[in-house]
> 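Here's a structure for you.
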There are 2 protein chains.
Amino acid sequence: MDDGTSLPTAPKLSRIQKRNRKRIMDAALNVFSQHGFRGATLDQIAQEAGLSKPNILYYFDGKEAIHVDLLNTLMAEWLAPLEEMNPEGEPLDELMTYIARKLEMSRAYPRESRLFANEIIQGAPRIGPHLASGLKPLFDRKCDLIAEWVRRGKLAPVDPGHLIFSIWAVTQHYADFEAQVDVLMPDSDAAWAGAHTHVEAMFRKLLTPPGYSGAHR
Amino acid sequence: MDDGTSLPTAPKLSRIQKRNRKRIMDAALNVFSQHGFRGATLDQIAQEAGLSKPNILYYFDGKEAIHVDLLNTLMAEWLAPLEEMNPEGEPLDELMTYIARKLEMSRAYPRESRLFANEIIQGAPRIGPHLASGLKPLFDRKCDLIAEWVRRGKLAPVDPGHLIFSIWAVTQHYADFEAQVDVLMPDSDAAWAGAHTHVEAMFRKLLTPPGYSGAHR
DNA sequence: CATGTTTTTTACCATTTGGTAAAGGCACGA
DNA sequence: TCGTGCCTTTACCAAATGGTAAAAAACATG
């Protein structure tokens with residue numbers, strides 16, 4: 001039952017192993033997020049990590065193993081903000097908080113965003129299964145939650161699934177298409193400030209139910 | 001001044017040349033859009049085109065030349081809908097038409113969308129210059145136009161640049177992240193129908209100015 | 001410090017990749 | 001039908017790529 005991707009049965013990693021595995025993962029994140037799986041090379045990763053190629057293969061079973069490990073490790077924290085959307089909270093606040101956090105993640109972790117973007121664009125050949133088994137249930141759960149919020153009149157009527165897609169699309173755009181954003185809005189700081197203002201206003205307008213006036217009663 | 005990318009000085013392409021160039025471009029579109037530049041191989045393109053690798057290099061100067069040519073050729077038609085947004089038209093209609101067309105392009109031409117997505121995500125190393133010289137002026141012009149519409153009260157107040165980003169992000173998401181959308185919304189037809197409804201409603205809500213009631217007067 | 005273990009390096013290898021040279025085939029006008 | 005120029009194939013090549021074997025070095029531990 002242990003596929004070796006999450007909690008290893010023997011977590012006894014030596015100090016050196018921990019340090020080097022981290023180095024490799026970080027280097028791999030740089031390279032894979034920039035070139036995609038097929039475009040990345042072990043030599044590049046090795047160089048970026050400051051280790052020799054055989055040394056890297058001492059720590060990982062191969063190029064694909066590094067990629068898969070990276071995706072699996074990051075998937076959980078990447079989805080954390082969605083996961084943490086609280087069914088007990090005030091619906092509009094919960095969603096606006098989620099949106100703000102998601103946009104903040106695009107700013108703070110653009111490499112992670114692009115890593116996933118590359119993988120999905122190229123057909124999700126390696127995390128396809130994980131999408132179905134890990135993401136889909138979470139997605140369905142949150143769709144149900146949002147639908148319930150709409151039903152209770154706490155949100156304006158909206159298709160939950162497509163709402164989530166919109167949030168992902170808009171927030172991740174700033175990380176994934178950074179190269180384009182940089183060309184079209186050269187002042188990077190202003191661009192981020194504007195992004196926050198625009199994105200938050202846009203979704204607030206979309207989601208605020210008629211007659212809303214702050215938290216219920 | 002002729003960089004050989006747009007209008008060749010000698011457009012005398014034989015019937016065979018036209019046929020094979022088209023085949024190659026189409027095959028290259030398949031391969032590049034799926035794997036990105038570095039992940040794509042000439043052998044793949046050759047096989048997909050039903051031609052030998054040397055034969056492909058008879059028509060193009062190399063892998064990079066094919067990629068650049070493809071990007072340049074498709075850029076114009078990819079941006080056509082934005083280009084055609086009419087300053088004389090009714091602002092809200094113009095924008096809603098643009099959005100609908102853009103979404104329709106994601107459905108009809110997902111490969112093109114992914115081709116550009118791959119290129120931009122990977123840092124736009126080959127169309128970076130073209131973005132600055134070709135896209136930027138168009139972007140600025142349309143931003144000015146939208147700003148003017150807002151000033152005249154024909155649209156709700158909105159940041160033009162970020163509005164365009166949002167439109168691109170949301171519409172292209174359905175093409176670029178098709179693999180993920182397919183997992184999360186297995187009924188593809190319903191997903192597209194829902195996408196149209198949701199996206200159009202969302203932007204209409206965002207853009208409709210207060211007190212709007214159809215075309216002016 | 002002796003000894004067993006972990007980590008790193010050196011030296012390879014088979015395959016793939018982008019690309020070339022040159023010969024062969026083919027169409028098409030004279 | 002014959003040649004001439006366009007197209008295609010065959011046979012290569014050097015470099016890069018993912019990966020391996022095994023020796024050497026570094027390390028920990030008694």
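Everything quoted here is computed from the prediction, not taken from an experiment. So you know, we letter chains A, B, ... as the sequences are listed, proteins then strands, and number each from 1. Just so it is clear, the values below take in all heavy atoms, side chains as well, and ignore hydrogens, waters and symmetry mates.
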> D/dT9 P sits how many Å from B/Lys53 NZ, rounded?
14 Å

> Would you kindly give the CD1-to-C1' distance between A/Ile45 and D/dG19, to the nearest whole Å?
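One finds 14 Å between C1' of D/dG19 and CD1 of A/Ile45, rounded.
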
> Determine: side-chain N/O of A/Tyr58 to OP1/OP2 of C/dT8, distance under 4.0 Å, yes or no.
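So the side-chain polar atoms of A/Tyr58 never come under 4.0 Å of the phosphate oxygens OP1 or OP2 of C/dT8.
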
> Counting only side-chain nitrogens and oxygens, does A/Asn55 get under 4.0 Å of the OP1 or OP2 atom of C/dT10?
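For A/Asn55, the contact criterion (side-chain N or O under 4.0 Å from OP1 or OP2 of C/dT10) is not met.
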
> Rounded to whole angstroms, how far apart are CZ on B/Phe60 and P on C/dG18?
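After rounding, the reported distance stands at 16 Å.
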
> Quick one: A/Gln44 CD to D/dA15 P, roughly how many Å, whole number?
19 Å

> In whole Å, what is the span from the CD1 atom of B/Ile66 to the C1' atom of C/dT17?
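Computing the B/Ile66:CD1 to C/dT17:C1' distance gives 14 Å.
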
> Would you please confirm or rule out a distance under 4.0 Å between OP1 or OP2 of C/dT6 and any side-chain N or O of A/Gln17?
no

> Would you mind classifying the nucleic acid contact of B/Ala40 as base, sugar-phosphate or nothing, using non-hydrogen atoms under 4.0 angstrom?
sugar-phosphate

> Could one point to a donor on the side chain of A/Lys63 or the base of D/dG19 with an acceptor on the other under 3.5 Å away?
no

> Rounded to the nearest angstrom, tell me the gap between atom CD1 in A/Ile56 and atom C1' in D/dG19.
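Those two atoms, CD1 and C1', are 13 Å apart.
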
> Taking only the side-chain heavy atoms of A/Pro54 (C-beta and beyond), determine which of C/dA21, C/dT10, D/dC7 contains the nearest atom.
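So the nucleotide nearest the side chain must be C/dT10.
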
> Are A/Glu48 and A/Arg23 within salt-bridge range, i.e. N to O under 4.0 Å?
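Result for this pair is no, no salt bridge flagged.
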
> Mind calculating the distance between CG (B/Asn20) and P (C/dC26) to the nearest angstrom?
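Roughly 15 Å, once rounded to whole Å.
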
> Is any side-chain nitrogen or oxygen of B/Tyr59 closer than 4.0 Å to OP1 or OP2 of D/dT8?
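Indeed, a polar side-chain atom of B/Tyr59 lies that close.
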
> If you look at every heavy atom in A/Leu131 and A/Ile120, which pair is closest and at what distance?
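Heavy-atom minimum between the residues: CD1-CD1, 3.8 Å.
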
> C/dG19, C/dG18, D/dT17: which one has an atom nearest the side-chain heavy atoms of B/Thr41?
C/dG18

> Output yes when at least one side-chain N/O atom of A/Ser52 is less than 4.0 Å from OP1 or OP2 of C/dT9, else no.
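So the side chain of A/Ser52 is within the cut-off, an N or O lying under 4.0 Å from OP1 or OP2 of C/dT9.
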
> On the 0 to 90° scale, with breaks at 30° and 60°, tag the A/His162-A/Phe165 ring pair as parallel, tilted or perpendicular.
perpendicular

> Considering every strand and a 4.0 Å limit on heavy-atom distances, what is the contact class for B/Leu42: base, sugar-phosphate, or nothing?
sugar-phosphate

> Using the rule salt bridge (charged side-chain N to carboxylate O under 4.0 Å, His left out), only one of B/Glu84, B/Glu77, B/Glu94 pairs with B/Arg101; which is it?
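Of B/Glu84, B/Glu77, B/Glu94, salt bridge (charged side-chain N to carboxylate O under 4.0 Å, His left out) with B/Arg101 is met by B/Glu84 alone.
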
> Just by modelled atom types, is the A/Tyr109 backbone N or O under 3.5 Å from a matching donor or acceptor in the A/Ser113 side chain?
no

> Within this structure, what is the NZ-to-P distance between A/Lys18 and C/dT6, rounded to whole angstrom?
16 Å

